[in-house]
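Take a look at the structure set out below.
Just so it is clear, the model here is predicted, and its values are computed rather than measured. In the text below, chain A, chain B and the rest are named by the order of the sequence lines, each starting its count at 1. What's counted below: heavy atoms across the whole structure, side chains too, no hydrogens, waters or symmetry copies.
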Protein chains: 2
Amino acid sequence: MIVSKHTAADGATAALREMILAGQLKPGERVHQDHLSELLGLSRTPLRTALATLTTDGLLDYEANCGYRVREFSLDTIRSVFEIRSVLEAQACRIAARLGCSDDMLDKLDALLKRGDDILASGELKPAALPDWRRMNVDFHETIIHAANNPLLGEFVGRTHNVPMVSDRVILWDDFYIIQRSHDDHHRITRALRHREGERAAAIMNEHVSFAGDLLIDRLGTDPEAAVQHLIGAAGVSKFKMKKAK
Amino acid sequence: MIVSKHTAADGATAALREMILAGQLKPGERVHQDHLSELLGLSRTPLRTALATLTTDGLLDYEANCGYRVREFSLDTIRSVFEIRSVLEAQACRIAARLGCSDDMLDKLDALLKRGDDILASGELKPAALPDWRRMNVDFHETIIHAANNPLLGEFVGRTHNVPMVSDRVILWDDFYIIQRSHDDHHRITRALRHREGERAAAIMNEHVSFAGDLLIDRLGTDPEAAVQHLIGAAGVSKFKMKKAK
DNA sequence: AGAGCCATTAATGTATCCAATCTCAACACC
DNA sequence: GGTGTTGAGATTGGATACATTAATGGCTCT
């Protein structure tokens with residue numbers, strides 16, 4: 001078999017998730033099953049499976065006999081997610097340190113640190129290097145979560161990414177110092193993990209994630225249009241329209 | 001919540017969730033769509049919607065063209081969930097203290113504390129009082145989560161309850177001192193929240209939840225059969241069969 | 001003219017049917 | 001005797017048809 005077998009429902013789920021996170025379907029907008037099934041080229045049955053999945057995932061709202069709507073995410077929601085993600089990833093550090101990272105794990109983290117160092121060596125973050133940077137960042141966080149040996153932690157952090165712009169794939173890249181400092185956090189976290197200083201690693205990670213959230217929210221709050229220009233992440237994110245926070 | 005109208009799919013979801021958490025469907029067991037739809041008295045269509053929902057909720061495993069299976073929960077999984085729930089509820093305390101609990105909120109917590117005090121006043125936890133106790137416990141935790149004004153926190157903690165025996169509705173009740181001490185935690189958490197001592201409240205809550213997890217895991221590890229005898233919670237939980245941890 | 005009611009319409013929810021795929025056992029072959 | 005293959009049966013995935021419910025627009029009545 002060439003590709004992993006995929007059902008139409010799975011495909012629809014992935015397609016819809018992209019459409020929602022990319023902002024093609026606007027928050028609050030009603031989702032018409034007939035339209036969408038025609039658009040995606042399948043019947044309503046697999047589409048409805050996808051809608052049910054995405055509703056449980058938190059990307060859609062559902063009311064019986066009234067259909068599905070794209071969930072509205074306010075700045076408040078984004079803040080909420082960072083308040084959750086920060087403690088979950090900090091907990092990952094705490095556990096990883098307690099268990100003790102394996103040499104393989106530490107080697108992997110070191111390699112990721114070097115990849116980041118190399119990208120930043122020029123003194124600027126070139127747009128061409130953004131995909132590599134993003135990849136490094138995602139890998140770093142996932143490696144630590146994996147090191148916590150907690151099968152559910154990854155699931156929970158993953159759900160966190162179901163909110164537009166909260167993914168660690170999304171990076172504000174216009175301020176080089178902030179990027180540099182962020183990678184410095186990576187160094188310190190790795191060092192703390194190596195020395196099995198769990199609380200220390202957790203504290204750095206907490207701040208690492210929390211500050212990223214504060215920064216994003218601050219930017220979105222003052223000038224949403226400009227902010228999304230400096231985001232790199234999910235395709236089409238720049239088309240995303242923010243719901244006004246009250 | 002009053003469900004004025006519920007679709008067959010919603011009903012099936014609720015029924016299946018109960019069946020899984022109660023252990024009527026055994027972990028690892030394959031779920032036959034025809035069989036179940038007949039059992040529940042509906043067609044496969046709404047049932048499949050329910051299956052998709054519960055899969056995303058984490059109660060079922062799914063593989064394309066191979067159908068659904070009841071997810072297997074090891075002791076390791078239960079430990080994992082407590083590692084998550086402890087930091088989430090601690091974070092709720094931290095945020096609630098930072099925001100400052102409203103008088104209404106504090107009054108509600110005080111009322112819950114008194115309800116607990118009254119139940120324990122006799123010096124024992126009578127079986128007849130268990131439902132009241134459980135209700136008080138659930139309300140206490142939910143009130144604090146609500147006080148954090150974080151719309152997603154409740155959702156995430158709720159997902160935590162999708163693992164058998166992790167719900168705060170489940171209580172080990174055979175050791176009066178432990179119950180007493182647990183309620184003493186409630187008092188101290190409330191006091192810390194009143195004084196807006198966030199870190200202090202968070203620390204107590206973390207320990208409060210973590211210890212409950214340790215206790216449960218210890219009991220299940222040493223003598224699963226005896227342990228479930230002392231659990232009170234979801235109906236039929238005593239029929240639940242634990243997957244052997246390796 | 002405005003508000004409320006009713007009928008029509010459109011969309012959702014469910015059942016049934018058909019196609020695709022996996023399971024499993026019997027069988028041939030090494 | 002063990003292993004690979006193949007075909008029938010069972011089970012899942014998807015499409016379509018039908019039932020049910022909410023939304024809409026027009027109508028009447030005040």
Enumerate donor-acceptor pairs with a distance under 3.5 Å from any side-chain N or O in residues 140-148 of chain B to protein atoms, sequence neighbours excluded.
unit_1	atom_1	unit_2	atom_2	d
B/H141	ND1	B/E89	OE1	2.7
B/H141	NE2	B/H208	NE2	3.4
B/T143	OG1	B/D139	O	2.6

Rounded to whole Å, OH of B/Y62 lies from C1' of D/dT11 at a distance of 12 Å
Taken to the nearest whole Å, CG/A/L60 to C1'/C/dT12 is 15 Å
When rounded to whole Å, the CD to C1' distance for the pair A/E38 and C/dA11 reads 15 Å
A/L40 CG to D/dA15 P, in whole Å, measures 11 Å
What residues 42-51 of chain B contributes to the DNA chain D interface at heavy-atom separation below 4.0 Å is B/R44, B/R48
Those residues at least two apart in sequence (or on a different chain) that pass side-chain hydrogen bond (donor to acceptor under 3.5 Å, both in side chains) with B/N137 are B/H186
Note: for A/R30 and A/A9 on DNA chain D, the residue whose nearest nucleotide lies more 5' is A/A9
The complete set of ring-ring contact (aromatic ring centres under 6.0 Å, His included) pairs with one or both residues in residues 39-70 of chain A, sequence neighbours excluded, reads A/Y62-A/Y68
Does the side chain of A/V70 come within less than 4.5 Å of A/L59's, by heavy atoms?
-> no
Taken in chain and number order and not counting sequence neighbours, the residues that satisfy side-chain hydrogen bond (donor to acceptor under 3.5 Å, both in side chains) with B/S210 are B/N206
To the nearest angstrom, the CG-P distance between A/L36 and D/dA15 comes to 14 Å
Looking only at C/dT23, D/dG13, C/dA11, the nucleotide nearest the A/H32 side chain is C/dA11
Whole-Å distance, A/D34 CG to C/dA11 P, equals 7 Å
A/E63 CD to C/dA11 C1', in whole Å, measures 14 Å
inquiry  = Please determine whether a side-chain nitrogen or oxygen atom of B/Q33 lies at a distance below 4.0 Å from atom OP1 or OP2 of D/dG13.
reply    = yes
Residue pairs passing the salt bridge (charged side-chain N to carboxylate O under 4.0 Å, His left out) test with at least one member in residues 45-58 of chain A, sequence neighbours excluded, are A/R17-A/D57, A/D57-A/R159
